[in-house]
Q: 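For reference, the structure I am asking about is given below.
Atoms within each ligand, like the ligands themselves, are counted from 1 in listed order. Here the structure is a predicted model, which means the values were calculated and not measured.
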Amino acid sequence: MLAGKRILLIIGGGIAAYKGLELIRLLRKSGAAVTPVMTPAAAQFVTPMAVAALAGEQVHTDLFDLTNEAEMGHIQLSRVADLVVVAPATADLIGKIAGGLANDLASTLLMATDTPVLLAPAMNVRMWEHPSVRRNVAQLQADGIATIGPDAGDMACGEYGPGRMAEPAAILEAITSQLRAGPLAGRRILVTSGPTHEPIDPVRYIANRSSGAQGTAIARALAGLGAEVVFVTGPADVPPPESVIVRRVETAREMLEAVQQALPADVAIFAAAVADWRVRRESSSKIKKDGGALPVLEFDENPDILAQVAQMGQGRPPLVVGFAAETDDVLAHATAKRARKGCDWIVANDVSPGTGIMGGTENAVTLITDTGAEDWPRMDKAQVANRLAHRIAEALT
Ligand code: C5P
């Protein structure tokens with residue numbers, strides 16, 4: 001997937017450095033060459049010998065290494081890569097980049113490079129939340145430096161919260177999407193996700209329980225296979241993935257407009273839980289409970305975004321995928337929905353309360369295509385997303 005690509009991997013000094021070894025292994029497995037750089041602190045956590053053995057290349061540690069200076073030089077070293085990855089990116093390294101300091105090899109490379117940079121921060125949760133780190137991260141993002149993670153969870157230091165480095169597999173995905181490499185390279189894919197909010201008045205709205213988790217996982221998986229993803233999302237609980245183009249909307253009508261603007265696309269996936277109805281006369285001021293009559297809400301039907309795109313004729317994406325969240329007779333209802341909406345595939349699932357699927361972390365889906373129905377075992381939403389992304393890549397080849 002990454003054949004012909006070279007990653008300059010800077011390993012910072014933190015306990016997450018051990019995950020850097022796994023990242024090197026995954027990068028090599030996917031065909032990338034890795035130029036490893038370690039800070040002196042990183043060498044306290046993993047040995048340069050292990051890093052060199054896995055990378056199959058010399059480890060660079062010293063700014064004033066005369067042999068290197070004569071042969072290549074740190075400027076050159078910073079330019080030969082397709083992507084510079086810092087994993088783990090410690091508070092110290094982040095601070096140096098944000099502040100423009102270059103007093104060792106890692107920070108000098110980061111300042112001298114003209115290739116894109118991806119940071120995988122990892123540090124104690126209190127450090128991550130410290131105002132100076134918040135400020136530095138915001139500065140780096142404003143400077144166009146991409147970040148992945150950190151994840152929340154138990155930390156090596158015994159505390160809990162955001163600060164764990166993203167898993168190596170997720171970093172590999174972010175690298176692939178940043179380099180737009182992989183089987184979906186050159187493909188543009190539209191994904192809708194999350195609920196919509198339909199206003200009643202300036203403070204109240206009608207919504208649904210969609211968390212946006214499945215749509216977000218799908219967008220991330222597609223980007224991880226190299227696609228350019230336009231992610232049209234309602235107000236979801238989970239943050240959008242890195243490395244996708246995000247279009248935030250509130251209402252179904254805004255979602256339709258954002259979808260139309262995002263076309264043309266090779267594939268369109270409609271994972272959003274769009275409100276079927278909107279309130280006919282949205283009040284411009286807060287509706288008061290004056291002790292009088294109870295308010296009566298009238299509704300209008302929202303546009304069916306999936307059906308409109310699936311039936312648009314000219315400019316229709318070659319592959320249109322809809323979702324069917326059903327509480328009974330899943331297969332029959334979903335098969336009928338596929339025909340009624342005019343989409344190519346339907347990803348059907350049972351969202352009856354006992355399944356815990358709506359808002360949960362797992363999903364059990366049936367994929368309905370023109371060749372029939374396929375039951376997938378219950379699995380993590382990220383796994384469903386990966387399987388779907390690979391199926392899409394196969395379908396496009
Ligand atoms: O009709 P139903 O809501 O069950 O269909 C579900 C599928 O249609 C999902 O893919 C959903 O994203 C899409 N949909 C849509 N616009 C609507 C309603 C549903 O795109 N107004």
Q: Ignoring hydrogens and angles, state whether a donor on the side chain of D92 or T90 is under 3.5 Å from an acceptor on the partner side chain.
A: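 Their side chains do not contain a donor-acceptor pair, so the 3.5 Å distance test is not met.
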Q: Can an N or O of L306 be found at a distance shorter than 3.5 Å from an N or O of ligand 1?
A: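 Min N/O separation from ligand 1 is below 3.5 Å for L306.
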Q: If you define the side chain from C-beta out and look only at heavy atoms, does anything of D328 sit under 4.5 Å from S352?
A: no
Q: What protein heavy atom lies closest to atom 14 (N) of ligand 1? Include the residue and the distance to one decimal.
A: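 In this structure, atom 14 (N) of ligand 1 has D304 OD1, 3.9 Å as its nearest protein heavy atom.
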Q: Below 4.0 angstrom from a heavy atom of F270, which ligand 1 atoms are there? Numbered from 1 as shown, please.
A: 9 (C), 10 (O), 11 (C), 12 (O)
Q: Going by heavy-atom distance to atom 18 (C) of ligand 1, choose the closest among V320, V274, L256.
A: V274
Q: Which of the numbered atoms in ligand 1 are under 4.0 angstrom from any heavy atom belonging to G322?
A: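 Within the 4.0 Å cut-off of G322, ligand 1 contributes 10 (O).
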Q: When you compare the side chain of D370 with that of D344, does any pair of heavy atoms fall below 4.5 Å?
A: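 In short, these two side chains do not touch, never coming nearer than 4.5 Å.
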Q: Taking the side chain as everything from C-beta on, heavy atoms only, tell me whether K96 gets closer than 4.5 Å to L110.
A: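 K96 does not reach L110 side chain to side chain.
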Q: Relative to atom 8 (O) of ligand 1, which among K341, R340, E301 owns the nearest non-hydrogen atom?
A: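 Going through K341, R340, E301 one by one, K341 has the nearest heavy atom to atom 8 (O) of ligand 1.
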Q: Just checking R188: does its CZ atom have more than 12 heavy atoms from other residues, nucleotides or ligands closer to it than 6.0 angstrom?
A: yes
Q: How close does the nearest protein non-hydrogen atom get to atom 6 (C) of ligand 1, and which residue and atom is it?
A: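 Checked against all protein heavy atoms, atom 6 (C) of ligand 1 sits closest to F323 O, 3.0 Å.
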Q: How far is atom 4 (O) of ligand 1 from its nearest protein heavy atom, and which residue and atom name does that atom have?
A: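 Sorting protein heavy atoms by distance from atom 4 (O) of ligand 1 puts K337 NZ, 2.3 Å first.
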Q: In terms of residue, atom name and distance, what is the protein heavy atom nearest to atom 3 (O) of ligand 1?
A: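 Going by distance alone, atom 3 (O) of ligand 1 is nearest to D276 OD1, 4.0 Å.
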Q: Is atom CZ of R316 surrounded by more than 12 heavy atoms (other residues, nucleotides or ligands) closer than 6.0 Å?
A: yes
Q: Just checking, is any N or O donor in the side chain of Q308 or D304 under 3.5 Å from an acceptor N or O on the other one?
A: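 Not at all, the side chains of Q308 and D304 share no donor-acceptor pair under 3.5 Å.
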Q: Checking contacts here: is it the side chain or the backbone of P303 that comes within 4.0 Å of ligand 1, counting heavy atoms only? Could be both or neither.
A: backbone
Q: What are the atoms of ligand 1, with element, lying closer than 4.0 Å to any heavy atom of A272?
A: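 Answer for ligand 1: 11 (C), 12 (O).
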Q: Give the residue and atom name of whichever protein heavy atom lies nearest to atom 16 (N) of ligand 1, and the separation in Å to one decimal.
A: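 Nearest protein contact, heavy atoms only, for atom 16 (N) of ligand 1 is I305 N, 3.0 Å.
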Q: Does any part of the side chain of F231, heavy atoms only, come nearer than 4.5 Å to the side chain of I245, both counted from C-beta?
A: no
